[in-house]
Amino acid sequence: MTTFVAALAPRIAGWPFYPAKQPKNWHLRFTMEDVNGEVVKVDASAWRYALLKRDDDMYDVVFEPPDLRNLPGVLRQDAAEIVLDGEIGEYLRIKHICDIEVVDKFDERLAGRDNSISVLRDHFRRIVSD
């Protein structure tokens with residue numbers, strides 16, 4: 001459906017239209033607003049993640065973002081989706097990721113299964129075929 005809608009977009013020189021957010025060429029830094037309208041600077045370059053395969057060939061991803069510990073859960077979740085979309089693109093996130101969890105610290109079930117966010121894009125490209 002979204003591909004169909006993107007195909008209906010007008011042709012404007014220099015303006016590509018996509019059916020979903022594309023991966024970014026970025027440094028994992030962005031801003032967002034908190035519930036009070038205050039700007040929050042996010043630097044995800046120090047984040048860690050664990051990618052867990054499910055029985056249905058989908059994946060769950062768990063993020064450990066040290067810079068978001070003071071934010072409410074909904075903003076942490078929003079930030080995690082921004083990072084995931086920026087790294088793998090919205091289409092692959094929707095197609096392959098089931099759950100996104102944000103934790104203060106990885107528990108023992110994830111011990112040794114976590115990676116630096118800097119390898120997420122390549123890691124994900126290696127495990128999915130799209």
Side-chain angles (χ1 to χ4, degrees):
M1 177 64 158
T2 56
T3 303
F4 174 74
V5 172
L8 295 176
R11 305 278 185 235
I12 302 172
W15 284 80
F17 291 92
Y18 300 101
K21 295 174 194 162
Q22 300 296 292
K24 297 179 180 190
N25 182 12
W26 65 332
H27 298 287
L28 292 159
R29 292 179 186 93
F30 58 96
T31 59
M32 56 191 298
E33 286 187 11
D34 68 11
V35 294
N36 299 317
E38 298 292 322
V39 174
V40 176
K41 292 181 181 180
V42 178
D43 179 355
S45 63
W47 289 21
R48 298 200 57 84
Y49 77 95
L51 199 56
L52 310 169
K53 188 168 185 178
R54 301 163 52 103
D55 291 336
D56 58 2
D57 289 332
M58 296 284 286
Y59 292 86
D60 293 338
V61 64
V62 182
F63 286 110
E64 183 187 76
D67 63 332
L68 299 186
R69 290 193 174 119
N70 296 327
L71 286 182
V74 75
L75 288 177
R76 291 163 47 122
Q77 190 72 22
D78 290 348
E81 287 183 18
I82 290 168
V83 168
L84 208 48
D85 287 349
E87 287 300 289
I88 67 171
E90 184 181 33
Y91 174 77
L92 289 181
R93 176 181 57 87
I94 291 169
K95 186 171 182 183
H96 296 287
I97 302 294
C98 190
D99 289 323
I100 303 169
E101 185 178 356
V102 181
V103 298
D104 287 337
K105 183 146 180 68
F106 288 129
D107 60 23
E108 62 280 350
R109 95 185 144 104
L110 299 175
R113 300 179 75 181
D114 62 309
N115 297 286
S116 166
I117 194 75
S118 65
V119 301
L120 174 62
R121 185 180 304 222
D122 290 334
H123 181 189
F124 201 76
R125 286 181 180 158
R126 278 194 319 272
I127 63 173
V128 299
S129 57
D130 274 353

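These figures come from a predicted structure and were not determined experimentally.
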- Item | Heavy-atom side-chain contact between V61 and Y59 under 4.5 Å | no

- Is any side-chain heavy atom of V83 closer than 4.5 Å to a side-chain heavy atom of Y49? no

Taking all atoms of both residues into account, what is the closest heavy-atom pair of [X] and [Y], and its distance?
X    : Y    : result
F63  : A80  : CD1-CB, 3.7 Å
D114 : R48  : OD2-NE, 2.6 Å
M32  : A79  : SD-CB, 3.8 Å
R109 : R113 : O-CD, 3.6 Å

With rounding to the nearest 0.5 Å, note down the distance linking [atom1] in [X] to [atom2] in [Y].
X   : Y    : atom1 : atom2 : value
K53 : M58  : NZ    : CE    : 11.5 Å
D34 : N70  : CG    : CG    : 11.5 Å
L75 : I82  : CG    : CD1   : 9.5 Å
L52 : I97  : CG    : CD1   : 9.5 Å
I94 : E81  : CD1   : CD    : 9.0 Å
E64 : D107 : CD    : CG    : 10.0 Å

- Query: When you look at R29 and S45, which way does the side-chain contact (heavy atoms from CB on, under 4.5 Å) test go after all the steps?
  - Reply: CA-CA 7 Å; R29 292 179 186 93; S45 63; 4.3 Å; yes

Transitive ILVMFWY side-chain link [X] to [Y], under 4.5 Å:
X    : Y    : result
V62  : L68  : no
V40  : L28  : yes
V128 : I117 : yes

- Message: Taking R76 first and then D104, would you say they form a salt bridge - that is, a charged N and a carboxylate O separated by under 4.0 Å?
- Response: yes

- Criterion side-chain contact (heavy atoms from CB on, under 4.5 Å) on N115 and L120, from CA distance to verdict: CA-CA 8 Å; N115 297 286; L120 174 62; over 6 Å; no

- Message: The criterion is side chain to side chain contact (heavy atoms under 4.5 Å, CB included); which residues satisfy it with S118, sequence neighbours excluded?
- Response: S116

Is it true that a side-chain atom of [X] and a backbone atom of [Y] form a donor plus acceptor pair closer than 3.5 Å?
X   : Y    : answer
R93 : I88  : no
N36 : E38  : no
D99 : D60  : no
Q77 : V102 : no
E87 : D85  : no

- Dump the intermediate steps for side-chain contact (heavy atoms from CB on, under 4.5 Å) on L110 and V103, then the final yes or no. CA-CA 11 Å; L110 299 175; V103 298; 5.5 Å; no

- Let me see the working for L92 and L84 under side-chain contact (heavy atoms from CB on, under 4.5 Å), right down to the final yes or no. CA-CA 9 Å; L92 289 181; L84 208 48; over 6 Å; no

- Determine the interplanar angle of the H96 and F124 rings, folded into 0 to 90°, and report it as parallel if under 30°, tilted if 30 to 60°, perpendicular if over 60°. perpendicular

